[in-house]
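These notes are about the structure you will find just below.
Numbering of residues begins at 1 and proceeds along the displayed sequence.
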Amino acid sequence: MAEQISTAIQDTYDEKYSWCYGCGRLNEQGLQIKTRWEGEETVTAYLPRAEHMAIPGFVYGGLIASIIDCHGTASAAMALHRKNGFEPGEGPEPPRFVTASLHIDYLKPTPQNVSLTVIGKVEEIHPKKWRVRTEMYAKDTLCAKGEVIAAIMPKTFIK
């Protein structure tokens with residue numbers, strides 16, 4: 001297995017971009033997920049909180065979608081940053097992406113109180129769009145698959 005890079009891409013975003021409920025490090029009420037490279041794949045791990053319950057013992061599907069969504073846009077940012085010759089924490093501020101499309105297939109009920117791991121595979125499909133295919137596991141059980149089409153954030157989004 002390739003050496004894991006310890007810097008999460010979300011930790012390198014400028015403060016004006018760090019408020020997202022899913023991945024913003026400055027959103028104290030948010031999930032604050034972290035996405036890293038592990039070889040050629042991206043990885044996010046998250047332990048659901050009690051309020052993320054659907055029914056006792058199982059995680060709410062909206063949480064799964066949120067994690068896959070933020071993991072996907074962060075993975076696209078990492079891939080373009082790497083294509084530009086940099087790893088998280090190196091070079092200029094990494095590009096930011098927004099969700100153009102999100103598709104989730106829920107395969108098995110996702111248990112509560114188990115760390116969830118999302119693994120992403122990234123492919124460029126257009127100079128401004130990237131596809132991230134994801135698999136979300138609870139321990140060794142594949143619980144969901146997702147696909148995020150991420151588009152480069154227009155400069156007009158942030159003033």
Next on the checklist: Keeping Glu41 on the side-chain end and Glu38 on the backbone end, is there a donor-acceptor pair under 3.5 Å?
Outcome noted: no
Checklist entry - Under 3.5 Å, is there a donor-acceptor pair between the side chain of Arg25 and the main chain of Tyr13? => result yes
Next on the checklist: How long is the straight-line distance from CD of Gln10 back to CE of Met78, given to the nearest 0.5 Å?
Outcome noted: 8.0 Å
Item to check | Main-chain N/O of Glu15 paired with Trp19 side-chain donor or acceptor, under 3.5 Å | outcome: yes
Next on the checklist: Please tell me whether His81 and Phe86 form a close aromatic pair, meaning their ring centres lie under 6.0 Å apart.
Outcome noted: yes
Item to check | Single-linkage hydrophobic cluster Val114~Val118, side-chain heavy atoms < 4.5 angstrom | outcome: no
Item to check | Taking every non-hydrogen atom, the tightest pair across Gly30 and Arg49 | outcome: O-NH1, 3.2 Å
Checklist entry - Do Glu124 and Arg131 touch side chain to side chain, with heavy atoms closer than 4.5 Å? => result no
Checklist entry - Do any N or O atoms from the side chain of Asp69 and from the backbone of Ala65 form a donor-acceptor pair under 3.5 angstrom? => result no
Next on the checklist: Could you go through Thr44 and Thr35, starting from their C-alpha distance and side-chain angles, then the distance that decides it, and tell me whether this counts as side chain to side chain donor-acceptor pair (under 3.5 Å)?
Outcome noted: CA-CA 5 Å; Thr44 291; Thr35 305; 2.9 Å; yes
Checklist entry - Roughly how far apart are Leu26 CG and Ser18 OG, rounded to 0.5 Å? => result 5.0 Å
Item to check | Any donor-acceptor pair under 3.5 Å from Gln32 side chain to Asn27 backbone | outcome: yes
Next on the checklist: Could you walk me through whether Thr134 and His71 satisfy the side chain to side chain donor-acceptor pair (under 3.5 Å) test, starting with their C-alpha distance in whole Å, then the side-chain angles of each, then the deciding distance to 0.1 Å, before giving a yes or no?
Outcome noted: CA-CA 9 Å; Thr134 61; His71 177 78; over 6 Å; no
Checklist outcome for this item: Closest heavy-atom pair, Val122 versus Ala76, reported as atoms and distance to 0.1 Å, is CG1-CA, 4.5 Å
Next on the checklist: Tell me if the CD atom of Glu51 is crowded by more than 12 foreign heavy atoms within 6.0 Å.
Outcome noted: yes
Item to check | Phe58/His52 under side-chain contact (heavy atoms from CB on, under 4.5 Å): CA gap, chis, key distance, verdict | outcome: CA-CA 8 Å; Phe58 296 95; His52 299 137; over 6 Å; no
Checklist entry - If every non-hydrogen atom of Ala77 is compared with every non-hydrogen atom of Pro95, which pair is closest and at what distance? => result CB-O, 3.2 Å
Checklist entry - Which atoms form the tightest heavy-atom contact between Pro127 and Ile152, and what is the distance? => result O-CD1, 3.7 Å
Checklist entry - Under a 4.5 Å side-chain heavy-atom rule over Ile, Leu, Val, Met, Phe, Trp and Tyr, are Tyr106 and Leu116 clustered together? => result yes
Checklist entry - Would you say Leu102 and Tyr21 are hydrophobically clustered, going by side-chain heavy atoms of ILVMFWY under 4.5 Å? => result yes
Next on the checklist: Is there a path of hydrophobic side-chain contacts, each under 4.5 Å between heavy atoms of I/L/V/M/F/W/Y residues, joining Ile64 to Leu107?
Outcome noted: no
Next on the checklist: Please determine whether a side-chain nitrogen of the Lys or Arg among Glu40 and Arg82 lies less than 4.0 Å from a carboxylate oxygen of the Asp or Glu.
Outcome noted: yes
Next on the checklist: I'd like to know if the side chain of Arg96 reaches the main chain of Tyr17, judged simply by a donor and an acceptor atom lying under 3.5 Å from each other, with no hydrogens or angles considered.
Outcome noted: yes
Checklist entry - Would you call Lys121-Glu135 a salt bridge at under 4.0 Å N-O? => result no
Checklist entry - Rounded to the nearest 0.5 Å, what separation is found between the OG1 atom of Thr73 and the CD1 atom of Ile68? => result 12.0 Å
Checklist entry - Are Lys34 and Asp11 side-chain neighbours, meaning at least one heavy-atom pair lies under 4.5 Å? => result yes
Checklist entry - Are the side chain of Gln112 and the backbone of Tyr60 linked by a donor-acceptor contact shorter than 3.5 Å? => result no
Checklist outcome for this item: Minimal heavy-atom distance between Cys143 and Pro109, with the atoms involved, is SG-O, 4.0 Å
Next on the checklist: I need the minimum non-hydrogen distance between Thr12 and Thr7, along with the two atoms involved.
Outcome noted: CG2-CG2, 3.8 Å
Checklist entry - Can you tell me how far the CE atom of Met53 sits from the CG atom of Asn113, to the nearest 0.5 Å? => result 8.5 Å
Next on the checklist: Count I, L, V, M, F, W, Y as connected when their side-chain heavy atoms are under 4.5 Å apart, and connections chain through other members. Are Leu31 and Ile9 then in the same cluster?
Outcome noted: no
Checklist entry - CZ/Arg36 to CD/Glu87 distance, rounded to the nearest 0.5 angstrom? => result 13.5 Å
Item to check | Aromatic plane relationship, Trp130 with Phe97 - under 30° parallel, 30 to 60° tilted, over 60° perpendicular | outcome: perpendicular
Checklist entry - What distance separates Ile33 CD1 from Cys70 SG, expressed to the nearest 0.5 Å? => result 5.0 Å
